[in-house]
Amino acid sequence: MNRLADATSPYLLQHKDNPVDWWPWSEEAFAEARRREVPVLISVGYASCHWCHVMAHESFENEDVAKLVNDGFVAIKVDREERPDVDAVYMTATQAMSGQGGWPMTVFATPEGDPFFCGTYYPRATFAGLLQSVSKAWREQRDEVIKQGAAVVTAIGGAQPAGGPTAPISAELLDAAAARLATEHDETHGGFGGAPKFPPHLNLLFLLRHWQRTGDARTLEIVRHTTESMARGGIYDQLAGGFSRYSVDKHWTVPHFEKMLYDNALLLRVYAELARLTGDPLARRVADETVTFLADYLATGQGGFSSALDADTDGVEGLTYAWTPDQLRETLGDDDGTWAADLFGVTSGGNFEHGTSVLRLARDVDDADPAIVARWRDVRARLLTARSARPQPERDDKVVAAWNGMAVTALAQYASVFGAHRDLAVRTAELLASLHLVDGRLRRVSRNGVAGSPAGVLEDYGCVAEAFCAVHQLTGDGVWLERAGALLDTALARFGNGAGGFFDTADDAEKLVTRPADPTDNATPSGLSSMAAALIAYAALTGENSYRDAAEAALRTIAPIADRHPRFTGYALAAAEALVSGPFEIAVVTEAPETDPLVAAARRLAPPGAVVVAGRPDRPGVPLLADRPMIDGKPTVYVCRGFVCDRPVTSEEELAARLR
């Protein structure tokens, strides 16, 4: 057993019995490298990563490879989800040196942490040869190797300046971004780009807000086409709900089977928002099922949500999920089995490996005859019961602050419109407030009710602050707004770069070879865009314009990138849509906030990025309810933009007209 036995990360714990003498990321590990005068091997991955498992089985569990590592290096294992700052620094170096990145990430560095050779997955023979070559170069050409590392650090540090070109946020910029996305839309299969195809949740959130503001029919069609294609594909679990990480093909059929919390939280927002705005039954069903997936498969006993379900089951991708026609008939009988094979596109040739098929929805059932819908639901339930008896993928049960913040925001928005699962949002927010907030600072991860040591990064502050703003709107409890403000104040003071943008690590965080500052949105919102969204919501809820000013300054730094590459700034563009729209501030003054139909109408009709609060007049801790009485004793709605308010209204008809 090596030094990983006491780790909180499930990924590190997967490697605790390797013959490789792993160290966790620590100054002690680098000190040991300096003492031994050997380079450092930094291996970065995460628990649900398929190729991380492959490299572990091939190389890190092999005694001969382990001897090469132990003799020539100090080996450090890093969970990229626990330490996104470390991952960002070395991923930038890996992409710069090799032209691509991914996990597992394999980095050779000096004892000072300067990377001099980087790559990703290596087969065992290649990796063994590489270890020998690097050891030889370190012994015989050390000065050149050290110079190479210093040059890489200089290059990647210069790639992230603290203050570049800026541009104003405008309706014209947003219109141009939506138009550019339209040209990149896959007209046949939905989404953007080719294989592998990732769920474009952040771009869809932007496009939904853009459609709300402009009424552009083309924009809505892109969202509808993409969401329907994903929901009918194998990337969506047709039995239990929940989305896989990506599709290996361009038509959403065969997924990479890992299921991430952040994807499902962000897609829940997309489908719930589409259902709210259009009444689309498929969108509503997928939203409902995604909530059920989160509750049934990712919820922890402490109130948070686990990070992911593994891509593999017993080392085999798809073992839990794939079916043959014979398996369907064996489970359901000949009649229902043949019917299910047609409905789910299961053929004798298969669409996956070894003649098996990933289930996809090959027929339209959401608007079908009630008897067909009933049969479909019965078949799904029976197949899910049978599938539950199969071996199941492992779960990475660490709780990541930012991703749980995304889940809270999604659940709060879902609950506010559809009136269900409010408890899930509040319970998770309470866990973040009670466990992840330590002495006013966020901790990145927890597991089994114990906070880990890694400090929160910028995305943690932005996503959790936005979540607390969402729970404030859902509950009308002022403590959530107070907590959000404290997080934003800390982030502004500790992460700002002095030019409107942000670093991803705090000014008092552990010093790495460079200080990461990536403003682009990828699989999750960047720290900058999550902060902008939280600042906008907080400013609208409190009327404190300094926070809006900070959001505008941050978005100005990303505007030049958004103008050229909107696919990589989706959440920043969604935040910008809120700014251009207002955002509206809607206060419903009522004695019955949980049952008043005016509250439901305000939430259903809310414009892009609007904030909505409801409660009794002058409720403490709720600025939008201050000095706003009920008119003639009736529940009353105040609709404002920039805290300039129209005449209050007391009926749903007047409210709808006002918001139109």
Please list all pairs passing the salt bridge (Lys or Arg N to Asp or Glu O under 4.0 Å) test where one or both residues lie in residues 308-323, with sequence neighbours left out. none

Decide side-chain hydrogen bond (donor to acceptor under 3.5 Å, both in side chains) for Thr278 and Asp280; before the verdict, give the C-alpha distance in whole Å, the side-chain angles of both, and the deciding distance to 0.1 Å. CA-CA 5 Å; Thr278 67; Asp280 185 297; 4.8 Å; no

Residue pair Asp396 / Glu81, side-chain heavy-atom distance below 4.5 Å: yes

Sub-6.0 Å ring centroid separation between Tyr11 and Tyr46: no

4.5 Å side-chain heavy-atom contact, Asp397 and Pro10: yes

Is a donor from one side chain sitting under 3.5 angstrom from an acceptor on the other, for Thr226 and Ser229? no

Under 3.5 Å: donor-acceptor pair, side chain of Trp51, backbone of Cys49: no

Is there side-chain contact between Tyr122 and Thr106, with at least one heavy-atom pair below 4.5 Å? yes

Assert yes or no for the condition that the ring centre distance of Phe352 to Phe257 is strictly below 6.0 Å. yes

Between Asp85 and Asp504, is a side-chain contact (heavy atoms from CB on, under 4.5 Å) present by the stated rule, with each step listed? CA-CA 7 Å; Asp85 50 342; Asp504 290 325; over 6 Å; no

For Asp521 and Ala572, the nearest pair of non-hydrogen atoms, with its separation, is OD2-N, 3.1 Å

Pairs in or reaching into residues 562-575: which pass salt bridge (Lys or Arg N to Asp or Glu O under 4.0 Å), with residues at least two apart or in two chains? Glu184-Arg567

So, do Pro525 and Leu202 sit near enough that their side-chain heavy atoms are less than 4.5 Å apart? yes

If you apply the rule side-chain contact (heavy atoms from CB on, under 4.5 Å), what do you find for Leu204 with Leu266, and how did you get there? CA-CA 10 Å; Leu204 296 177; Leu266 294 167; over 6 Å; no

Would you check if the distance from the ring center of Tyr271 to the ring center of Phe243 is below 6.0 Å? yes

Under 4.5 Å between any side-chain heavy atoms of Tyr414 and His421, yes or no? yes

I would like to know whether Ser388 and Thr385 meet side-chain hydrogen bond (donor to acceptor under 3.5 Å, both in side chains); could you show each step before the answer? CA-CA 5 Å; Ser388 299; Thr385 297; 6.0 Å; no

Those residues at least two apart in sequence (or on a different chain) that pass side chain to side chain donor-acceptor pair (under 3.5 Å) with Thr219 are Asp216

Of all residues at least two apart in sequence or in a different chain, which pass the side chain to side chain donor-acceptor pair (under 3.5 Å) check with Arg604? none

For the residue pair Val445 and Ser9, establish whether any side-chain heavy-atom pair is separated by less than 4.5 Å. no

Side chain to side chain donor-acceptor pair (under 3.5 Å) partners of Ser307, counting only residues at least two apart: none

For Glu58, does the CD atom have more than 12 heavy-atom neighbours from other residues, nucleotides or ligands under 6.0 Å away? yes

side-chain hydrogen bond (donor to acceptor under 3.5 Å, both in side chains) between His436 and Ser446: does it pass, once the steps are laid out? CA-CA 7 Å; His436 283 252; Ser446 68; 2.8 Å; yes

For residues 348-363, which residue pairs qualify under side-chain hydrogen bond (donor to acceptor under 3.5 Å, both in side chains), counting only residues two or more places apart or in two chains? Asp342-Arg363

Both conditions, 6.0 Å and 45 degrees, for the charged tip of Arg382 above the ring of Trp376: are they met here? no

Residues Ala523 and Arg245: closest non-hydrogen pair is CB-NH2, 2.9 Å

Validation row: Pro281, Asp367 side chains within 4.5 angstrom (heavy atoms): yes

We want to know whether Arg380 and Gln238 form a side-chain donor-acceptor pair, criterion being a heavy-atom distance below 3.5 angstrom. no

Please state whether the rings of Phe198 and Tyr246 are parallel, tilted or perpendicular, taking 30° and 60° as the class boundaries. tilted

Got Leu309 and Leu298 here, is their nearest side-chain heavy-atom distance under 4.5 Å? yes

Please, which pairs that meet salt bridge (Lys or Arg N to Asp or Glu O under 4.0 Å) have at least one residue in residues 409-427, sequence neighbours excluded? Arg422-Glu594

Nearest atoms (heavy-atom pairs only) where Val457 meets Pro84: CG2-CG, 3.8 Å

Scan residues 399-412 for pairs that pass side-chain hydrogen bond (donor to acceptor under 3.5 Å, both in side chains), counting only residues two or more places apart or in two chains. none

Verify side-chain hydrogen bond (donor to acceptor under 3.5 Å, both in side chains) between Thr324 and Asp326, making sure each step is shown before the conclusion. CA-CA 5 Å; Thr324 64; Asp326 287 345; 5.3 Å; no

Would you please name every residue forming a salt bridge (Lys or Arg N to Asp or Glu O under 4.0 Å) with Glu459, sequence neighbours left out? Arg444

In chain order, what residues pass the salt bridge (Lys or Arg N to Asp or Glu O under 4.0 Å) check against Glu228, with sequence neighbours excluded? Arg232

Pairing of Asp79 and Arg83 as salt bridge, 4.0 angstrom limit: no

Are Asp336 and Arg329 close enough for a salt bridge, meaning some N to O gap below 4.0 Å? no

Would you list the pairs meeting ring-ring contact (aromatic ring centres under 6.0 Å, His included) in which at least one residue belongs to residues 206-231, sequence neighbours left out? His185-His225, Phe206-His210

Under the side chain to side chain donor-acceptor pair (under 3.5 Å) test, residues paired with Ser306 that sit two or more places apart: Arg395

Heavy-atom donor-acceptor pair, Arg276 side chain to Ala606 backbone, under 3.5 Å: yes

Looking only at heavy atoms, which two atoms of Thr92 and Ala88 are closest? And how far apart? OG1-O, 2.8 Å

